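Throughout, residue positions are numbered sequentially from 1 according to the sequence presented. Everything numeric here is computed off the predicted structure, so don't read it as measured data. Remember, it's 1-based here, ligands and their atoms both numbered in the order they're listed.
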Amino acid sequence: MGGSRCDVLVVGGGVCGLWTLWSLLEAGYDAWLLERSALGDGQTIASQGILHAGAKYRLPGNAVDASRAVAEVQEIWCAGLGGGAGAPDLARVRVLSRRTLLWTTGSVGSRLAAAGASRVMRSGVERVERGAWPAGFGGAGAGVELFETPEMVLDPASLVEVLRDGVSGRARVGRVIGLGTRDSGVVVELEGGDRVACDALVLTAGAGNEGLIGLAGGKPGLMQRRPLHQVVAIGAPFDLHGHCLQLSLDKPALTVTTGELAGERTWYLGGGPAEEGVGRSREDQIGAARAALARCLPWVDLSGVRFETFLIDRAEGEHGGKRPDDAVAVWAREGVLAVWPTKLVLAPRAATQVLDRLRERGIRGGGGRVDEALRSLAEPGVAARVW
Ligand SMILES: Cc1cc2nc3c(=O)[nH]c(=O)nc-3n(C[C@H](O)[C@H](O)[C@H](O)COP(=O)(O)OP(=O)(O)OC[C@H]3O[C@@H](n4cnc5c(N)ncnc54)[C@H](O)[C@@H]3O)c2cc1C
């Protein structure tokens, strides 16, 4: 049992917490992070890893602000992936694809879908001529059209590993069981009896923020959940990273990214079926995924593919059940800042918002540090990949 004191304590080690911790350390704060299980063990490890740059958000029905926010962070991600300044060094992150495809189905609605795609084309998306199509599209029918965008796809597990390596051992395993105030700061009680005092507590625990806000006696109703029923297709036939387009809806008919589990190629399926399939049983969701694949890729033989599904909530700042246009960082109560990046790609904006909020309240650090108790905690591992 012991006590520690630091400027800022971050709770939750997904992409948001790790990026925020890096930013705090860069800004000179004496900051630490507590993770209750494994880093990324929530949405980050389950994310499709797409660094949206705006193409998807220019589909009909999406707010202009949303595409602006994702466009603004591209430079930061590029700097990080290039190992440059102003971002964590992400040069060792595994890039699964340097481009994302958008394709139309070639069915009855294909001409309309193509019109939707041409609208998207104004946002830096380029048509791919048939001669240059990837191998898996060789059998596509005459009505199919293919576009590409420079939006990258990252391996989320490798992103978490690299972010962890960039925070100098400042992420530790700890379970918060009590939160209280002392002087102008916050006191955190950990399972096992340790206590950590800090000027500010930054909650980046994804869906876990709700319980932590409750523990702190903070404002209720700050968080919303939007569930997804994701599908993993094991034994997929070729690499594919992209969205199958449909018209008149604000989301793709299917979003596919490609990974690997136990040496087998996987397709990770999100988009429309994941949102619509929340109430479905596993069997029904697999049936819906098969049907979506048959609609989007009718020329592909998937007879040898096996399917798994799981449910996961997107945890976001409350926005009337709709996706917020940006990252959200709000004071849940004095000294306790609750943060949701909204998207993995917006983690840098979440980190910037945290620094802004702290400075607005005059929290500048330098209050003296005692870190034996924090140093004695174990360093967390990275969550197991799910696709
Ligand atoms: C299926 C799916 C696909 C997605 N695809 C994309 C995509 O392609 N591109 C994109 O930009 N965004 C995507 N997103 C959104 C993106 O994944 C999230 O916005 C982002 O990962 C949230 O990160 P986070 O760090 O806030 O939360 P999380 O990743 O959920 O991390 C929270 C962390 O806090 C820990 N924790 C929880 N409770 C506690 C506690 N009490 N104490 C200590 N630690 C705690 C958890 O173990 C976890 O490590 C996707 C989301 C989902 C669900």
Any idea which atoms of ligand 1 are less than 4.0 Å away from a heavy-atom of [X]?
X      : result
Gly13  : 33 (C), 34 (O), 49 (O)
Ala38  : 47 (O), 49 (O)
Thr342 : 19 (O)
Ser37  : 47 (O)
Gly40  : 49 (O)
Val11  : 42 (N), 43 (C)
Gly208 : 38 (N)
Ala46  : 1 (C), 2 (C), 3 (C)

Closest candidate by heavy atom, reference [atom], pool [options]:
atom                    : options                       : answer
atom 26 (O) of ligand 1 : Pro341, Pro380, Ala383, Ser47 : Pro341
atom 41 (N) of ligand 1 : Val10, Leu344, Leu212         : Leu212
atom 8 (O) of ligand 1  : Asp41, Val15, Ile50           : Ile50
atom 32 (C) of ligand 1 : Gly42, Ala205, Gly211         : Ala205
atom 21 (O) of ligand 1 : Leu51, Val176, Thr44, Thr100  : Thr44

Is there a path of hydrophobic side-chain contacts, each under 4.5 Å between heavy atoms, that joins [X] and [Y]?
X      : Y      : value
Leu254 : Ile286 : yes
Val167 : Val173 : no
Trp331 : Val187 : no
Leu269 : Phe238 : yes

- Take Glu35 and Ser37, measure what side-chain hydrogen bond (donor to acceptor under 3.5 Å, both in side chains) needs, and give me the verdict at the end. CA-CA 6 Å; Glu35 163 59 48; Ser37 52; 3.2 Å; yes

- Kindly indicate, with the supporting measurements, whether the criterion side-chain hydrogen bond (donor to acceptor under 3.5 Å, both in side chains) is fulfilled by Thr255 and His243. CA-CA 4 Å; Thr255 296; His243 309 284; 2.9 Å; yes

Ligand 1 versus [X], non-hydrogen atoms closer than 4.0 Å: side chain, backbone, both, neither?
X      : result
Leu34  : backbone
Val345 : both
His52  : side chain
Arg314 : side chain
Ala207 : neither
Tyr268 : side chain

- Determine, stepwise, if the pair Thr309 / Gln285 fulfils side-chain hydrogen bond (donor to acceptor under 3.5 Å, both in side chains). CA-CA 7 Å; Thr309 80; Gln285 182 63 347; over 6 Å; no

- Item | Pair Glu316 + Arg226: basic N to acidic O under 4.0 Å | yes

Nitrogen or oxygen atoms of [X] and ligand 1 under 3.5 Å apart:
X     : answer
Leu39 : no
Cys16 : yes
Gln43 : yes
Arg36 : yes

- Query: Is there a heavy atom of Ala315 sitting under 4.0 angstrom from any atom of ligand 1?
  - Reply: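 No; Ala315 lies far enough from ligand 1 that no heavy-atom distance drops under 4.0 Å.
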
- Any side-chain heavy-atom pair from His319 and Gln224 closer than 4.5 angstrom? yes

- Is the Phe310 to Trp387 ring centre distance short of 6.0 Å? no

- Item | Single hit among Arg170, Arg364, Arg5 for salt bridge (Lys or Arg N to Asp or Glu O under 4.0 Å) with Asp30 |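 Answer after filtering Arg170, Arg364, Arg5: Arg170.
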
- Item | Whichever hydrophobic residues join Ile213 through chains of side-chain contacts under 4.5 Å |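 Under the 4.5 Å side-chain rule, Ile213 groups with Leu9, Val11, Trp32, Leu34, Val176, Leu179, Val186, Val188, Leu190, Val196, Leu201, Leu203, Leu212, Leu215, Leu222, Met223, Val328, Val330, Val336, Trp340, Leu374, Leu377.
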
- So, Gln48 and Thr257: side-chain donor and acceptor under 3.5 Å apart, yes or no? yes

- Taken in chain and number order and not counting sequence neighbours, the residues that satisfy ring pair (Phe, Tyr, Trp, His ring centres under 6.0 Å) with Trp299 are Phe137

